[in-house]
Amino acid sequence: MPEESVTEAVTNAVSTTIAVIGTPAGPQDGARITLHGWLYNMRESGKLLFPIFRDGSGTIQGIVPKAAVTPEVWDAVRSLTQESSVIVTGKVRADKRAPGGYELDVENVDIQQLVPAESPFPISLKEHGVDFLMEHRHLWVRTPRQAAILRIRAEIMRAAQEHLDTQGFVRTDPPILTPAACEGTSTLFPVEYFGEEAYLTQSGQLYIEATALALGKVYSFGPTFRAEKSKTRRHLTEFWMIEPELAYAGLDDLMALGEEFVSHIVQSVLKNRAADLKVIGRDTAKLESIVPPFPRVSYDEAAKMLDEAFAKGLVENKFEYGNDFGSPDETYISSQFDRPVIVHRYPAAVKAFYMEPDPVDPKFALCMDMLAPEGYGEIIGGSQRVASYELLKSRIEAHNLPLDAFQWYLDLRRYGSVPHAGFGMGIERVVAWVCGLEHVRETIPFARTLNRIYP
Ligand code: 4AD
Ligand code: MG
């Protein structure tokens with residue numbers, strides 16, 4: 001940032017950000033302020049210029065009547081091109097018609113870098129194709145809609161941690177470089193580790209089962225990696241997952257935590273990011289209903305819903321009982337409710353080796369998926385974990401997993417094993433749902449997908 005004293009001496013204005021204008025602690029109507037930002041867009045109408053500035057916190061429209069400023073200031077504003085960096089001084093004016101409620105009577109602009117007119121900012125205000133935008137993601141993130149999504153993402157992550165922190169969970173970070181698979185070997189990214197093969201983690205779960213038995217209630221929060229060759233609007237190869245894990249807990253505790261957790265996150269976004277939801281045009285009525293209790297249906301009940309839907313011609317394909325739900329199945333099930341639905345007790349055969357069987361019928365696992373409404377599908381997957389040493393060992397063998405690599409994990413069942421449970425929530429899936437986005441590629445600053453690793 002340039003030296004504050006220079007601007008200060010010239011203008012005697014208070015340096016601030018757009019987002020706080022009009023808030024109790026921020027500058028009010030009539031205040032003289034300085035903004036450090038960029039030109040987003042400009043309109044000219046006779047002897048009036050209407051530059052729109054952005055500063056990372058929001059956008060504000062400036063007004064420059066030719067008669068009110070010196071010729072130098074007029075020429076400087078008029079010369080501004082899209083995304084030129086500029087320090088602006090002016091007077092805040094309340095205006096009910098303005099999107100943020102305020103406009104800026106510009107008094108001075110101090111141009112930091114003028115984007116040359118002959119090589120303009122590549123992302124103009126007209127429509128661009130998604131491929132072009134993804135190729136210019138490093139610049140695309142500057143546009144108001146993308147910036148709003150990233151602020152909402154940050155709020156989702158903040159609120160998620162806040163919920164767990166205030167419930168007595170301790171954050172314990174698992175390694176990213178791992179010697180073995182967690183969710184199945186086909187989806188691992190191998191890395192060369194001093195002459196041995198290691199993998200990027202798919203989930204911190206196995207490690208936080210260890211820390212849960214050490215600390216009681218824990219969570220991990222970090223990037224996870226999946227090499228599955230999925231080319232859907234829900235799959236990234238690198239995504240962020242937050243995973244709580246609880247000792248002395250079972251499936252019911254997990255479902256209760258999940259609905260409180262997700263409600264807190266959505267309500268926090270509504271409260272703290274209302275302006276950004278407006279920028280992206282989200283229907284907030286659909287988010288206001290996200291409060292506990294969430295509907296709970298068993299796998300069997302969900303399968304029945306799909307059968308009935310097929311009979312009525314509401315879904316294209318007949319659901320094969322016993323399979324896991326595919327994306328179209330999840331889309332249909334979740335679209336039947338106005339809030340997330342928890343589907344529990346899937347057939348053990350289609351789920352991970354570490355899931356505790358249901359004592360009522362061991363063909364089913366004590367597991368749950370939470371499916372977001374409006375067709376967004378799975379946002380959470382979790383389960384109670386196998387507590388018995390013998391059963392876990394036989395499961396590892398049956399899944400052809402390397403027993404050696406799992407000795408430490410089996411230790412958790414050798415020494416003071418207890419019922420314990422946890423889930424993982426994918427941040428990008430939640431951002432997509434909360435923002436009402438078509439595709440997860442816009443939910444993370446730099447998406448990694450099957451066919452993109454640039455920029
Ligand atoms: O259902 P998943 O695979 O569960 C696990 O990894 C467990 N070990 C978690 C646990 O019990 N601690 O993944 C959990 C969540 C999914 O519900 C989804 O939200 C997200 O992670 N997710 C993905 N998000 C984006 N792209 C992908 N390829 C994803 N795969 C999973
Ligand atoms: Mg899952």
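For clarity, every value in this text was computed on a predicted model and none was experimentally measured. First listed ligand is number 1; within each ligand, the first listed atom is number 1. Counting from 1, the numbers follow the sequence of the chain as shown.
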Practice task
Please identify which atoms of ligand 1 are closer than 4.0 Å to at least one heavy atom of Arg385.
Solution key: 10 (C), 11 (O), 12 (N)
Exercise for the section: Could you tell me which atoms of ligand 1, counted from 1 in the order shown, lie closer than 4.0 angstrom to a heavy atom of Tyr354? Expected result: 7 (C), 8 (N)
Problem - Heavy atom of Val440, distance to ligand 1 below 4.0 Å - result: no
Practice task
May I ask whether Glu428 places a heavy atom under 4.0 Å from ligand 1?
Solution key: no
Practice task
Given ring pair (Phe, Tyr, Trp, His ring centres under 6.0 Å), test Phe406 with Phe353 step by step and report yes or no.
Solution key: CA-CA 12 Å; Phe406 284 93; Phe353 73 94; 5.6 Å; yes
Exercise for the section: Work out whether the distance between some heavy atom of Glu245 and some atom of ligand 1 is less than 4.0 Å. Expected result: no
Practice task
Run down the list Arg429, Arg226, Met425 and name the one with the heavy atom closest to atom 3 (O) of ligand 1.
Solution key: Arg226
Exercise for the section: Tell me, with the steps shown, if Phe225 and Tyr199 meet ring pair (Phe, Tyr, Trp, His ring centres under 6.0 Å). Expected result: CA-CA 9 Å; Phe225 305 85; Tyr199 307 97; over 10 Å; no
Handout entry: Minimum-distance pair of heavy atoms, taken over all atoms of Pro455 and Arg448
Key = O-NH2, 3.0 Å
Handout entry: Minimum heavy-atom distance between Gly375 and Thr331, given as atom pair plus value
Key = O-OG1, 3.6 Å
Problem - Nearest non-hydrogen partners of Tyr332 and Met305, listed with the distance - result: CE2-O, 3.9 Å
Exercise for the section: Check whether any N, O or S atom of Glu378, backbone or side chain, sits closer than 2.8 Å to the Mg ion (ligand 2). Expected result: yes
Problem - CD/Glu197: more than 12 non-hydrogen atoms of other groups inside 6.0 Å - result: yes
Practice task
Before signing off on this row, confirm whether Ser203 and ligand 1 have an N or O atom pair separated by under 3.5 Å.
Solution key: yes
Handout entry: His235 N/O under 3.5 Å from ligand 1 N/O
Key = no
Completion exercise
Closest non-hydrogen contact found for Phe221 with Arg171 is O-NH2, 3.1 Å
Problem - Considering all heavy atoms, the nearest Phe132-Ile123 contact - result: CE2-CG1, 4.3 Å
Problem - Subset of ligand 1 atoms that lie under 4.0 Å from at least one heavy atom of Met241 - result: 6 (O), 13 (O), 14 (C), 15 (C), 21 (O)
Practice task
Applying ring pair (Phe, Tyr, Trp, His ring centres under 6.0 Å), run through Tyr40 and Phe121 and close with a yes or a no.
Solution key: CA-CA 10 Å; Tyr40 172 59; Phe121 189 67; 9.2 Å; no
Fill in the blank from the handout: All heavy atoms of Ala421 vs all of Gln384, minimum pair found to be CB-CA, 3.7 Å
Problem - Under-4.0 Å heavy-atom contact with ligand 1, by part of Phe239 that carries it - result: side chain
Exercise for the section: State the atoms of ligand 1, each with its element, that fall below the 4.0 Å cut-off from a heavy-atom position in Ile380. Expected result: 17 (O)
Fill in the blank from the handout: Taking only non-hydrogen atoms of Gln205 and a 4.0 Å limit, the atoms of ligand 1 in range are 7 (C), 8 (N), 10 (C), 11 (O), 12 (N)
Practice task
Just jot down the ligand 1 atoms closer than 4.0 angstrom to any heavy atom of Gly426, in number order.
Solution key: 15 (C), 19 (O), 20 (C), 21 (O)
Handout entry: Ligand-side contact atoms (ligand 1) for residue partner Gly382, heavy atom cut-off under 4.0 Å
Key = 11 (O)
Problem - Contacting atoms of ligand 1, where contact means under 4.0 angstrom from a heavy atom of Glu228 - result: 28 (N)
